2 protein chains.
Amino acid sequence: LSSPGNLPTNRDVHEARARILDLVEVTPLLPLRLGGHDLWLKCESLQTGGSFKLRGASNRLALLTDAERKAGVVAFSSGNHAQGVAIAAKRLGIPAIIVMPADAPAPKVAGTRAQGAEVVFYDRRTEDRIASAKALAEQRGAVLVPSFDDPYIITGQGTAGLEILEQCPEPVRRIVTCCGGGGLAAGLALACPEAEIITVEPEGWDDMARSLAAGRIEPVGPNPPPTSCDALQTPLVSPLTFAILKAREAQGVAVSEDEVKTAVRFAWAELQLRLEPGGAAALAAVLAGKVAPWAGTVVMLTGGNMDPATHAEWVT
Amino acid sequence: LSSPGNLPTNRDVHEARARILDLVEVTPLLPLRLGGHDLWLKCESLQTGGSFKLRGASNRLALLTDAERKAGVVAFSSGNHAQGVAIAAKRLGIPAIIVMPADAPAPKVAGTRAQGAEVVFYDRRTEDRIASAKALAEQRGAVLVPSFDDPYIITGQGTAGLEILEQCPEPVRRIVTCCGGGGLAAGLALACPEAEIITVEPEGWDDMARSLAAGRIEPVGPNPPPTSCDALQTPLVSPLTFAILKAREAQGVAVSEDEVKTAVRFAWAELQLRLEPGGAAALAAVLAGKVAPWAGTVVMLTGGNMDPATHAEWVT
């Protein structure tokens with residue numbers, strides 16, 4: 001990091017990009033005409049593995065020492081981070097163990113296994129995934145790769161923002177992005193210092209929005225409502241992602257299940273894109289009019305790993 | 001056309017591009033690592049309307065006189081050309097009637113109507129669609145917009161090739177494309193004079209392949225097998241598309257239903273892309289090893305309008 005002990009910076013995102021240039025794809029930035037405005041869609045759902053998660057994982061794994069590479073890595077994830085770590089590990093020749101909830105969507109489990117990773121399940125209701133993963137990592141002498149609370153994960157995700165700046169033919173004034181733990185949102189904030197950052201979370205899971213409004217970290221409340229956005233079910237943001245977004249005066253909005261569903265249907269019917277619910281959250285906020293479609297607005301389409309049968313039910 | 005009475009040329013494709021620059025999207029060219037080779041995928045399935053057809057339709061409609069625009073246009077199509085004409089007509093403020101087979105896939109019918117076009121059905125078994133459309137055009141004083149047998153349709157489709165030349169970081173040595181009537185294949189041949197052109201058709205519907213091999217136009221045989229590639233069920237290629245492809249010594253291959261299905265599944269699982277069977281035919285030929293994956297090979301992913309329920313059955 002360019003400033004040890006401090007928050008990662010724009011320079012760290014540039015260094016991350018150089019580090020992972022051959023490990024990730026440049027994803028398309030597609031135009032969308034909406035209500036007389038031209039928006040831009042950053043299609044991270046077309047990234048290898050179906051989400052932006054390959055970026056952070058590649059950046060973290062590329063920094064491992066030779067000894068660490070031999071011992072391998074452990075990650076816990078509901079799915080997209082799992083696939084990101086599994087693919088990055090495969091590309092770099094590193095053994096990977098992924099701790100997944102037993103009820104993770106089947107395509108995410110299959111996608112993780114197909115990359116050669118070992119999958120270990122935990123029970124979302126009775127076990128602590130962080131504790132499970134930490135115990136496993138210690139037991140095997142492996143490095144734990146967090147899904148968002150890590151400067152290299154954050155700067156890796158931020159590389160999508162550097163691509164946006166190169167791809168967008170007009171000044172990027174605002175980036176609307178879904179938010180789980182805030183790794184992508186924080187990375188984009190670092191990558192695009194001139195852009196306003198708006199985070200989008202499912203209703204009842206909008207702890208980043210409430211934390212940013214309150215000026216201090218607030219967890220998701222007790223008994224949050226069920227949400228289809230499995231990728232955004234994060235009970236607590238990290239001090240690191242929160243500090244970065246707070247410093248940039250980011251703001252958050254929440255979207256309903258119906259708004260998410262409308263966005264998944266819109267992406268399929270109008271954009272020919274398969275999005276998973278969490279990956280459509282930012283688009284949902286724009287379609288619902290919760291974020292006005294200014295010129296220079298970029299909407300992050302962050303993931304596409306939805307169970308095909310459920311997806312078909314949603315869009316028919 | 002730059003050479004009246006003759007075949008359209010590369011210059012005509014450049015003129016088409018200038019004409020339709022604001023009417024179509026630049027589609028992504030994505031890399032694909034396959035068996036140690038780097039291929040390029042031109043994602044026309046992400047074009048507005050879900051296929052490349054908007055290109056040719058926009059080019060033809062942009063050339064109509066004021067009087068012709070008022071009278072409107074008629075097109076016949078199993079679906080993608082229908083949507084292309086409907087969207088181009090809507091963008092240019094021209095009334096459109098689309099003649100579709102009564103058994104056209106529901107999303108294609110819905111997509112055409114959603115663009116404000118009038119849909120008129122015909123019975124694929126008992127009625128001649130060309131005669132139906134011609135009669136309708138005469139009756140209403142409207143201009144008939146053919147789906148491939150027209151120099152402006154061909155050069156419009158070819159604009160995808162000019163984009164490929166700009167987007168591809170290496171010399172384009174070969175383009176693999178699906179082929180119905182040959183409009184796209186011929187357009188690409190004009191746009192990319194240095195590239196080898198390979199057409200891909202469903203087994204039993206490979207009349208372009210057989211025509212190119214024989215040196216003269218040969219129709220699809222009697223009782224062709226059923227195919228999921230509804231977009232490629234063209235009984236006869238046109239003298240125009242055939243002459244262009246013959247002059248370039250294009251070659252054709254045929255793919256089986258299983259190979260097409262494998263490609264649709266691959267696109268969904270590995271590329272996060274929804275492809276319709278016809279839109280996956282070129283990819284199918286490459287995955288099946290019927291076209292060797294040389295460096296500098298571009299594979300056209302031409303359409304994505306597949307019934308969601310059927311698509312879900314295929315990919316699960």
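Proteins come first, then strands; the chains are lettered A, B, ... in the order of their sequence lines, and each starts at number 1. All values derive from a computational prediction rather than experimental measurement.
In plain terms, the two heavy atoms of A:Ala312 and B:Pro308 that are nearest each other are CB-O, 3.8 Å. Residues A:Thr316 and B:Ala309 approach most closely at CG2-N, 4.2 Å, considering heavy atoms.
Here CG of A:Leu30 is found 9.0 Å from SG of B:Cys43. Values are rounded to the nearest 0.5 Å. From A:Ser45, atom OG reaches atom CG of B:Leu273 across 8.5 Å, with rounding to the nearest 0.5 Å. Put simply, OG1 on B:Thr27 and CD on A:Gln272 are 11.5 Å apart, with the number rounded to the nearest 0.5 Å.
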Tell me, with the steps shown, if B:Glu25 and A:Arg33 meet side chain to side chain contact (heavy atoms under 4.5 Å, CB included).
CA-CA 11 Å; B:Glu25 316 302 342; A:Arg33 296 175 201 178; 4.2 Å; yes
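Interface remark: A:Glu313 contributes no atoms to any contact with chain B (heavy atom separation under 4.5 Å). Interface remark: A:Leu275 contributes no atoms to any contact with chain B (heavy atom separation under 4.5 Å). Of the two parts of A:Leu46, the backbone and the side chain both hold a non-hydrogen atom closer than 4.5 Å to a non-hydrogen atom of chain B. Using a 4.5 Å cut-off between heavy atoms, B:Leu29 makes no contact with chain A at all.
Here the side chain of A:Arg274 pairs a donor or acceptor atom with the backbone of B:Trp268 at under 3.5 angstrom.
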